[in-house]
Amino acid sequence: MRTQVAIIGGGPAGLLLSHILDRNGIDSVVLERHSRQHVLRRIRAGVLETGTVELLRAVGLGERMDREGHPHSGAAIAWQGRERFFIDTKKFTGKLMMAYGQTAITEDLYAARDARRGKIIDEASNVQLHDLTSTQAHVTYENKGQIHRIDCDYVAGCDGFHGVSRQSIPASLLRTFEKVYPFGWLSIMSVTPPYPDICYCYHERGFALASQRSPMLSRYYIQCDIDAKLEDWPDERFWQELKARCPKDMAEQIVTGPSIEKSIAPLRSFVAEPMRYGRLFLAGDAAHIVPPTGAKGLNLAVSDVFYLSRALTEKYHTGRTHYLDCYSDMALRRVWGATRLSWWLTMLLHRFPDDTQFDERARQSQFDYLTASEHARASLAEQYGGMPFEA
Ligand code: APR
Ligand code: PHB
């Protein structure tokens with residue numbers, strides 16, 4: 001088989017890339033390790049920046065999002081013993097954000113690719129990338145016991161943190177930057193009316209977050225020990241702990257119910273540089289991971305795909321390689337911006353096992369500065385809402 005762009009990974013990054021390339025007349029094949037059912041079962045983030053919303057609309061993926069998503073003007077921070085604070089993206093940037101789950105976006109992407117007969121090969125195992133620095137770049141994979149080969153001009157590595165693409169770059173050429181946090185997030189989904197705002201809570205018992213997917217679907221998180229076990233967290237204990245970390249009026253408003261999903265995820269910041277090796281371009285979680293505190297993971301995958309699709313379109317339509325040549329630098333500038341914000345919010349809103357009283361006071365002072373300074377509020381709102389894409 002031959003294609004112009006072989007895309008490794010059928011998560012949001014890979015599917016969106018194949019969709020946008022197709023709209024620009026560029027052929028691609030998506031190779032996904034898991035079944036479609038498995039990919040669609042994954043529950044992940046749910047807050048979209050305006051840039052993400054506008055891009056999805058511009059490429060014909062806005063219809064259901066605009067119908068079912070919940071536009072909102074920012075997010076709240078409820079700090080123990082302090083007045084509630086609002087990260088007002090609408091006031092400071094004029095932009096609305098959108099609560100719309102990654103699962104729904106992935107469904108929309110699969111529907112759009114199917115409608116255009118997009119080539120998605122799922123259950124493709126043992127994907128390997130070959131000759132990435134030559135004009136004979138190709139990928140091989142196994143499916144139903146047979147080995148297949150796809151020749152291509154370019155490979156897009158959209159296969160997430162544990163994928164094969166980043167590992168195909170020689171270690172001597174790759175620099176990685178990492179921070180692992182000493183706690184995790186325990187999350188639940190429940191079929192209950194959500195708390196009206198997305199609200200981050202800082203409490204001496206630890207961090208908590210109220211979020212939402214739809215008028216009858218709530219998403220909640222609490223900070224947990226790194227070695228916490230799901231079996232130790234029956235629903236009742238979760239709700240109790242969540243409410244203990246929220247202000248009283250908020251706790252009273254939270255509607256509880258049985259969980260339909262419950263999981264624990266560790267928190268990590270990770271960036272790999274560069275995001276290009278010869279004809280291989282990395283996008284999304286394949287190149288970087290942020291802790292979920294700023295809700296940036298999906299938005300970064302989308303901005304990478306915006307830059308990469310623009311670069312490939314320029315190359316195929318005009319022969320110019322300006323955007324391909326600056327892809328890694330440009331994408332990384334935005335990645336580092338979001339990495340820095342996610343790290344900062346994580347440090348601000350969590351209790352760390354080795355915290356001293358000095359750390360606590362400094363954190364509190366940081367929060368007080370936010371509430372006291374219009375400049376600080378504007379800066380946070382601008383970054384939380386998402387920095388614009390570079391021209
Ligand atoms: N071969 C083929 N496919 C692979 C391989 C492989 N060796 N390894 C991983 N994959 C697939 C995974 O099964 C997954 O479906 O690549 C896909 C990567 O998807 P995601 O992990 O969702 O990453 P991405 O598309 O970059 O989306 C980023 O996901 O984790 C969240 O916070 C993150 O919301 C952000 C979004
Ligand atoms: C979510 O809705 O899942 C969500 C919201 C905000 C975050 C992280 C996750 O910072």
Side-chain angles (χ1 to χ4, degrees), residues 6-18 30-36 38-49 52 70 72 74-77 87 97-103 105-106 109-110 120-129 139-143 155-168 185 187-189 194-195 197-200 207-214 217-221 261 263 265 267-268 270 282-305 338 341-342 345-346 349 384:
I7 299 174
I8 318 301
L15 293 173
L16 181 62
L17 180 64
S18 72
V30 175
L31 289 177
E32 165 57 48
R33 175 164 55 181
H34 291 294
S35 68
R36 179 179 295 210
H38 175 99
V39 173
L40 286 172
R41 258 204 317 265
R42 288 194 299 235
I43 296 174
R44 294 218 175 128
V47 176
L48 309 183
E49 297 174 353
T52 300
H70 174 60
H72 56 91
I77 299 178
I87 309 172
M97 305 187 72
M98 179 83 87
Y100 187 62
Q102 182 171 321
T103 314
I105 293 180
T106 311
L109 282 164
Y110 269 124
I120 302 171
I121 299 168
D122 55 16
E123 301 189 356
S125 59
N126 194 20
V127 171
Q128 290 182 29
L129 284 49
V139 301
T140 53
Y141 67 97
E142 287 177 35
N143 190 241
V155 180
C158 304
D159 48 353
F161 183 65
H162 299 288
V164 65
S165 299
R166 189 180 67 253
Q167 289 163 28
S168 305
W185 275 19
S187 59
I188 68 164
M189 189 80 99
Y195 184 72
D197 284 329
I198 292 171
C199 187
Y200 298 88
F207 167 86
L209 166 62
S211 187
Q212 52 193 259
R213 290 292 177 276
S214 72
L217 201 52
S218 309
R219 182 81 167 150
Y220 292 101
Y221 300 90
E261 193 263 357
S263 51
L267 269 69
R268 176 200 302 267
F270 174 88
L282 301 180
D285 278 16
H288 41 75
I289 296 283
V290 284
T293 324
K296 292 295 177 204
L298 175 62
N299 292 294
L300 277 184
V302 169
S303 62
D304 288 352
V305 165
L341 176 75
S342 308
L345 274 174
T346 302
L349 295 172
Y384 188 77

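All residue numbers refer to positions in the sequence shown, counting from 1. Both counts, for ligands and for their atoms, begin at 1 and track the order of listing. On a predicted model such as this, the values are computed, not experimentally measured, just so you know.
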Using a strict cut-off of 4.0 Å, indicate which atoms of ligand 1 neighbour a heavy atom of [X].
X      : value
Asp159 : 4 (C), 5 (C), 8 (N), 9 (C), 10 (N), 16 (O), 18 (C)
Ala13  : 24 (P), 25 (O), 26 (O)
Leu31  : 2 (C), 3 (N)
Val164 : 7 (N)
Gly284 : 26 (O)
Gly163 : 8 (N)
Cys158 : 16 (O), 17 (C), 18 (C)

Counting non-hydrogen protein atoms only, what is the nearest one to [atom]? Give residue, atom name and distance.
atom                    : result
atom 3 (O) of ligand 2  : Tyr221 OH, 2.5 Å
atom 2 (O) of ligand 2  : Ser211 OG, 2.5 Å
atom 32 (O) of ligand 1 : Gly297 CA, 3.6 Å
atom 6 (C) of ligand 2  : Tyr200 OH, 3.4 Å
atom 30 (O) of ligand 1 : Asp285 OD2, 2.6 Å
atom 34 (O) of ligand 1 : Gln102 OE1, 2.5 Å
atom 8 (C) of ligand 2  : Pro292 O, 3.2 Å
atom 1 (N) of ligand 1  : Val127 CG2, 3.6 Å

- prompt: Does the pair Arg42/Glu261 count as a salt bridge with the N-to-O cut at 4.0 Å?
  reply: no
Between Ser187 and Ser263, a side-chain donor and acceptor under 3.5 Å: yes
- prompt: Parallel, tilted or perpendicular: which describes the rings of Tyr221 and Trp185, with under 30° parallel and over 60° perpendicular?
  reply: tilted
message: For Tyr200 and Tyr384, take the angle between the two ring planes, folded into 0 to 90°, and tell me which bin it lands in: parallel under 30, tilted 30 to 60, perpendicular over 60.
response: perpendicular
- prompt: Mind checking whether Gln212 and Ile198 have side chains closer than 4.5 Å, heavy atoms only?
  reply: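 Yes, close enough: below the 4.5 Å cut-off.
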Winner among [options] once heavy atoms are compared against [atom]:
atom                    : options              : result
atom 12 (C) of ligand 1 : Glu32, His162, Arg33 : Glu32
atom 22 (O) of ligand 1 : Gln167, His34, Arg44 : Arg44
atom 19 (O) of ligand 1 : Ala45, Ala124, Gly11 : Gly11

message: Would Leu209 count as being in polar contact with ligand 2, using the rule that some N or O on each side must be under 3.5 angstrom apart?
response: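 No, there is no polar N/O contact under 3.5 Å.
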message: Please report whether ligand 2 has a polar contact with Arg219, defined as an N or O pair separated by less than 3.5 Å (distance criterion only).
response: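 No, no N or O pair falls under 3.5 Å.
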Has [X] got a side-chain atom pairing as donor or acceptor with [Y]'s backbone, closer than 3.5 angstrom?
X      : Y      : value
Arg219 : Ser211 : no
Asp197 : Ala76  : no
Asp122 : Glu32  : no
Asp159 : Ser165 : yes

- prompt: Can you check whether Leu298 has an N/O within less than 3.5 Å of an N/O in ligand 1?
  reply: yes
field: Close approach, Lys296 and ligand 1, non-hydrogen under 4.0 angstrom
entry: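 Not so, Lys296 does not reach ligand 1.
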task: Find all atoms of ligand 2 within a distance of less than 4.0 Å from any non-hydrogen atom belonging to Val47, and give their numbers and elements.
output: 5 (C), 6 (C)
message: Only heavy atoms of Ala295, strictly under 4.0 Å: list the atoms of ligand 2 that pass.
response: 6 (C), 7 (C), 10 (O)
- request: Give, for atom CE of Met98 and atom CD1 of Ile105, the distance between the pair rounded to the nearest 0.5 Å.
  value: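 If we round to the nearest 0.5 Å, Met98:CE and Ile105:CD1 are 9.5 Å apart.
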message: As an exercise, state the distance from CG of Asn143 to CD of Glu123, rounded to the nearest 0.5 Å.
response: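 The CD atom of Glu123 is 7.5 Å from CG of Asn143, to the nearest 0.5 Å.
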- prompt: Is NZ or CZ of Arg33 both nearer than 6.0 Å to the six-membered ring centre of Tyr141 and within 45° of the ring axis?
  reply: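 Not satisfied by the 6.0 Å and 45° rule.
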